[in-house]
Structure formats: structure tokens, C-alpha cells
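Data block below; observations after.
Treat the numbers as computed from the prediction; the structure is a model and nothing was measured.
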Amino acid sequence: QKLKAEAERKQKLKAEAERKQRERAEDERKRKEKAEAESKQRELEENERKQREQEEAERKQRELEEEALLKAREEEARKNAELAEQRIMAQKQRIAELQEELRATAKAKEARRPTHCNLPLAYIFNKRCWNLSSANPIFDLKSLTDAMMQ
């Protein structure tokens with residue numbers, strides 16, 4: 001009976017040791033699974049964080065490129081405006097020169113007395129001679145009459 005009790009006790013201890021070993025193995029397996037799950041979760045979170053950082057960097061790069069493009073367009077528009085203003089100023093200057101040239105030629109044309117207007121009494125028959133003699137007489141009538149009176 002003692003042997004039997006001893007065998008039962010050994011068997012119980014053995015069964016208990018096996019059960020504890022199974023529990024430890026199960027606990028170890030669960031810990032490994034939990035560690036793997038946590039590792040995967042951390043890896044996913046890290047990947048998501050990297051992806052967000054990459055997207056943020058790409059967004060900032062796009063913003064910088066858009067800003068640079070906008071600045072380039074503004075600069076181009078400013079240069080175009082300056083060129084247009086310079087062209088307008090050059091055109092205005094050219095128009096002013098042409099107008100001055102026209103005035104000068106008109107004045108010269110007016111001031112130049114045609115030879116037929118030098119004939120006596122030509123101003124009576126020709127309107128241009130009349131206008132020229134009125135505006136710019138050949139002689140000063142007052143000084144001529146004064147000279148004749150003396």
C-alpha cells in the first residue's frame with residue numbers, strides 16, 4: 001500500500017509537473033503571441049507614422065514648388081508689365097517726336113513764303129498769301145509810314 005501510495009503520489013507529482021510544464025509552455029506561447037502582436041502593432045504604427053511623415057514632407061515640397069512657381073509667375077508678370085510700360089513710354093516718346101516734327105514742318109511751311117506771294121497785291125487774290133501777310137508781313141507798315149512821314 002505504501003508503494004502504491006508512493007506510486008500514486010509520484011504519478012500525481014509527475015502529472016502536476018507535466019500540467020505545470022504545459023501551463024508554462026502555454027503561458028510562454030501566449031507571451032510570444034502577445035509580444036508578436038505588440039511588435040506587429042508597433043511596426044504598423046511606425047509604418048503609419050513614417051507614411052504620415054512622408055506625406056507631410058511631400059505636401060510641404062509641393063507647397064514650396066507651388067510657392068516658387070507663383071513667385072516665378074509674379075516675377076514674370078512684373079517683368080512683362082515693366083516691358084509693356086517701357087514700350088508705352090517709347091511709343092509716347094516717338095509720338096511726341098513725330099508731333100514735334102510735324103509742328104516744325106508745319107511752322108516751316110507756314111513761315112516759308114511762296115515766291116508768288118512776293119508780287120504786289122497778291123495777297124488780295126490768294127488766301128494763303130493773305131494769311132501770311134496778315135501774320136507775318138514783309139515789311140513793318142508802321143515803321144514804313146513813319147519813315148514816309150519824315
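- Annotation for Glu75: atom CD counts as buried by contact number, over 12 foreign heavy atoms lying within 6.0 Å.
- Within the model, atoms CZ of Arg9 and CD of Glu6 stand 4.0 Å from one another, a figure rounded to the nearest 0.5 Å.
- Linking ILVMFWY residues whenever their side-chain heavy atoms come closer than 4.5 Å, directly or via other members, leaves Leu69 and Leu64 in distinct clusters.
- A 4.5 Å side-chain heavy-atom check between Arg31 and Lys34 finds every atom pair outside the cut-off.
- The distance from atom CG of Asn131 to atom CG of Asn126, rounded to the nearest 0.5 Å, is 9.0 Å.
- Between Ile88 atom CD1 and Gln93 atom CD the span is 14.0 Å, to the nearest 0.5 Å.
- A salt bridge does not link Arg62 to Glu66: none of the charged side-chain nitrogens sits closer than 4.0 Å to a carboxylate oxygen.
- Heavy atoms from other residues, nucleotides or ligands lying under 6.0 Å from CD of Gln21 number 12 at most.
- Arg73 CZ: 12 or fewer foreign heavy atoms inside a 6.0 Å radius.
- Closest approach of Arg128 to Pro114, counting heavy atoms only: NH1-CG, 3.4 Å.
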Point to revise | Derivation and outcome, salt bridge (charged side-chain N to carboxylate O under 4.0 Å, His left out), residues Arg22 and Glu26 | key: CA-CA 6 Å; Arg22 279 193 309 266; Glu26 184 68 24; over 6 Å; no
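- Heavy atoms of other residues, nucleotides or ligands lying less than 6.0 angstrom from CD of Gln11 number 12 at most.
- Between Glu63 and Lys60 there is no salt bridge, since no side-chain nitrogen of the basic residue lies less than 4.0 Å from a carboxylate oxygen of the acidic one.
- In summary, the side chains of Gln86 and Glu82 do not present any donor paired with an acceptor at a separation below 3.5 Å, with no hydrogens or angles considered.
- Between Glu55 and Arg59 there is no salt bridge, since no side-chain N of the basic residue sits under 4.0 Å from a carboxylate O of the acidic one.
- Once rounded to the nearest 0.5 Å, the distance linking CD of Glu65 with CG of Leu70 reads 13.5 Å.
- A salt bridge is defined here as a Lys NZ or Arg NE, NH1 or NH2 lying under 4.0 Å from an Asp or Glu carboxylate O, and Arg42 with Glu46 fails to meet this definition.
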Practice item. Please lay out, stage by stage, how Glu33 and Lys30 fare under the test salt bridge (charged side-chain N to carboxylate O under 4.0 Å, His left out). Key: CA-CA 5 Å; Glu33 285 178 359; Lys30 285 181 181 178; over 6 Å; no
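- Taking CD of Glu85 as the reference point, atom CG of Asn80 lies at 12.5 Å (rounded to 0.5 Å).
- The main-chain N or O of Cys129 is found under 3.5 Å from a side-chain atom of Ser133 such that the two form a donor-acceptor pair.
- For the atom pair Lys79 NZ and Leu83 CG, the distance stands at 9.0 Å (nearest 0.5 Å).
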